[in-house]
Each structure stands twice: as structure tokens, then as C-alpha cells.
Amino acid sequence: MRVATWNVNGLRSRLDFVKIWLRERQPDVVALQELKLEDDRFPRAELEAEGYFAAVHGQKAWNGVAVLAREKPDMVQSGLPGEAEFGSRLLTARVGGLTVTSLYCPNGKHVEHEDFQRKLAWFESLSDHLEATSMSTHPAIVCGDFNVCPQGIDSWNEAGKAGKIFHTREERRSFQNLLALGFIDLYRRQHPDRQAFSWWDYRAGSFHRNTGLRIDFLLGSSGVAEVREIEIDREFRKKQDGLTPSDHAPVWADIQI
DNA sequence: ATGTCGGATCATATCCGA
């Protein structure tokens, strides 16, 4: 089956673009982030016309996560326990034998900002939640926009950004704590030495200059038996039919459970 | 440092967050 994650940066503005990608890549399950809409504004009918049902945890204007699937996903968890005031950033759904979690981790803004410490606390809550639900012992994908560069290779400018947001020891420790629960960064395992980014700032011609970061991940539990292919879908960071892309590329993997 | 987006608002311009 093909599973994917994508921060779409506003689903209402991105819907036509997303439909082009769904038709082209034919994923079975898609975790979406940054919907920027309330549940009752989710475009269910249009996505069902494309062959996808959805579990949705939305919010007005900001955040918002969903799981799309060919068969109706069963909602398992809507929101990260104890972190509701930080917005709608977690949704877990069951699709057949696979448990899929869509995450939009806090940005943190910069290391002196109060949001930075809140970001670290949010990651602690996430680790606690994944452990309490024994997520790594199921066939599970935990995926989304983590807003962390796990290693130097994941940044276009590790030397210049050392200690800055997305590049701190504290964020990297938070990310490693997730992996230590029994998850694997499936892209990095498949491509250990490849520098590839999943996000490029809209500003300053970042995509053209390839000044990007790899911050979108598919984490697999040991129940994910095999990854046949995994790609960061850079083609869809480009305009399609004159439509504006998200600032994130989709990431997809063909897996067996 | 910040050239672009998406969304909200006492809207047709300005802000916030990313």
C-alpha cells in the first residue's frame, strides 16, 4: 500500500492542487497537515468524488490535521491529550490493519520565544501518548510535519543554523526520544546519505536555490515489514497547471505490513 | 535578512504565523 504525508498549507486554497496529486500518485492513505479550516468546512464531497474518505480534526484559520483513505478511516484519537490549547495538531485513525497518526508539530518560532519551550513540552506529551497507547507495537505510521531537522544532512545550512530553531540539541533529542519508542525514519533508513529536503520557504527563491529542510517524515513501527520505495515528491513543490504549491512537498512510501 | 504565501478582519489594506 502507498502511504503519504503532506503539509498542504491551507486545504481550501490547495484543493485543486491536491486533487491533481491524488490522481497522479494514487496513494491509499494520506496524512494531511495545516488544513486551516474547521471540521464543517472540510471538502468531504469533493474528496469522496476522488475516492477518498476522511477523518478530520480541524480548527479555524490555523493547524488542522486529517487522514484520507480509500476505505473509511476509524477515528482513534482526535487531539494530543493535555495539549489542546496549542491547537489541532494530532489525529490517529485506523485504516484496515494500519494505525496512522497525522502530526503537525509546533514550530517554536525561535529559541528565545516562549513557544520554543512549549514545543519541547509538546514533544514530551507526544512521546508519553505514543508510549501509553503502545503505538510502536502495532503496525503503525506516525507521520507529518515535525518542524525539526534530525541531523545536519537534513538542513541546507547546518553550519550557519547550528543552535537555531529546527537545529537545536533539544529538538533533536525530542525527535530521538520518539524513535527510541520503536519507530524508524523510513526515508533516512532507505537513503542514508542522500540530502533531500521536504520544505522550502516561499520567500527569497528558496526552492530555486534549494535552500530547504527535511522536516516531514514517515515514521514506521516494527509492524511495517518492508518499504519498497519512498520518495519526497519534489515535483509537486512546483506549480501544477498554474496552481500555487504548498511550501512542503508530499512524502510517500510503498510499504507492506 | 526576509523578496511569499493563507487566512482573518470593523476588508478592498493590514495584521499574523509560517
Side-chain angles (χ1 to χ4, degrees), chain A residues 5-21 31-43 46-47 56-66 80 83-90 102-123 143-149 154-168 171 174-175 197-217 232-251:
Chain A
T5 182
W6 195 4
N7 179 326
V8 296
N9 188 25
L11 185 57
R12 280 170 291 178
S13 294
R14 206 69 59 218
L15 185 58
D16 289 342
F17 194 106
V18 169
K19 283 158 68 173
I20 292 170
W21 178 79
L32 299 176
Q33 301 89 36
E34 277 210 87
L35 306 177
K36 296 187 175 182
L37 51 73
E38 289 172 293
D39 289 8
D40 60 6
R41 303 194 70 172
F42 190 88
E46 284 197 78
L47 287 166
V56 181
H57 181 41
Q59 177 187 333
K60 186 177 180 181
W62 308 114
N63 309 312
V65 287
L80 178 58
E83 298 285 352
E85 84 284 355
F86 220 153
S88 300
R89 297 175 177 275
L90 177 146
S102 179
L103 296 177
Y104 177 47
C105 302
N107 175 296
K109 296 190 174 71
H110 53 86
V111 295
E112 293 85 14
H113 196 283
E114 62 171 352
D115 275 12
F116 181 67
Q117 293 303 325
R118 293 177 72 204
K119 175 182 190 174
L120 299 178
W122 190 94
F123 270 104
C143 64
D145 174 359
F146 288 72
N147 275 323
V148 176
C149 291
D154 298 311
S155 173
W156 70 277
N157 185 17
E158 173 67 10
K161 291 186 177 291
K164 299 221 165 70
I165 196 73
F166 297 5
H167 299 69
T168 66
E171 290 162 293
S174 297
F175 185 76
F197 307 134
S198 65
W199 172 85
W200 297 260
D201 200 309
Y202 281 125
R203 295 166 293 185
S206 298
F207 184 66
H208 239 67
R209 295 162 48 210
N210 200 28
T211 56
L213 306 174
R214 192 177 74 97
I215 55 177
D216 299 271
F217 312 116
I232 300 176
D233 211 343
R234 195 175 187 283
E235 228 13 64
F236 283 82
R237 179 57 177 78
K238 302 174 183 173
K239 277 195 174 180
Q240 303 288 326
D241 296 351
L243 299 172
T244 304
S246 170
D247 45 355
H248 295 252
V251 185

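First the proteins, then the strands, lettered A, B, ... as listed; each starts at 1.
- Distances shown here put every side-chain N or O of A:K164 at or beyond 4.0 Å from the OP1 or OP2 atom of B:dA1.
- In this structure, the CG atom of A:N7 is 12 Å from the P atom of B:dG6, given to the nearest Å.
- Here B:dC5 presents its C1' atom at 15 Å from CZ of A:F207, a figure rounded to the nearest Å.
- Considering every non-hydrogen atom in both A:V65 and A:Q33, the closest pair reads CG1-CG, 4.0 Å.
- The aromatic rings of A:W199 and A:F166 sit perpendicular to each other, their planes meeting at more than 60°, with 30° as the lower class boundary.
- Only the P atoms considered, B:dG6 is 22 Å distant from B:dC10, to the nearest whole Å.
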For nucleotides 13-18 of chain B, 5' to 3', base contacts (B), sugar-phosphate-only contacts (S) and non-contacts (-) with protein non-hydrogen atoms under 4.0 Å give ---BSB
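- Distance A:L15 CG to B:dG7 P: 11 Å, rounded to the nearest Å.
- B:dT2 and B:dG7: their P atoms are spaced 26 Å apart (whole Å).
- Of the candidates A:R14, A:R12, A:R41, A:K19, A:K19 is the only one forming a salt bridge (Lys or Arg N to Asp or Glu O under 4.0 Å) with A:E46.
- Checked by atom type, the side-chain pair A:T168/A:E171 shows a donor-acceptor distance below 3.5 Å.
- Sequence order on DNA chain B of the closest nucleotides to A:K161 and A:R41 puts A:K161 first from the 5' end.
- Considering every non-hydrogen atom in both A:H167 and A:S155, the closest pair reads NE2-OG, 2.7 Å.
- Within the 4.5 Å cutoff, side-chain heavy atoms of A:K119 are placed close to those of A:I165.
- Note on ring orientation: taking the six-membered ring where Trp is involved, the planes of A:F236 and A:W21 are perpendicular (angle over 60°, cut-offs 30° and 60°).
- To the nearest whole angstrom, the two P atoms, one in B:dC5 and one in B:dA1, are 22 Å apart.
- In this entry the distance linking CZ of A:R14 with C1' of B:dG6 reads 8 Å, nearest Å.
- An OP1 or OP2 oxygen of B:dG7 is reached within less than 4.0 angstrom by a side-chain nitrogen or oxygen of A:S13.
- Nucleotides B:dT12 and B:dA8 have their C1' atoms positioned 14 Å apart, rounded to a whole Å.
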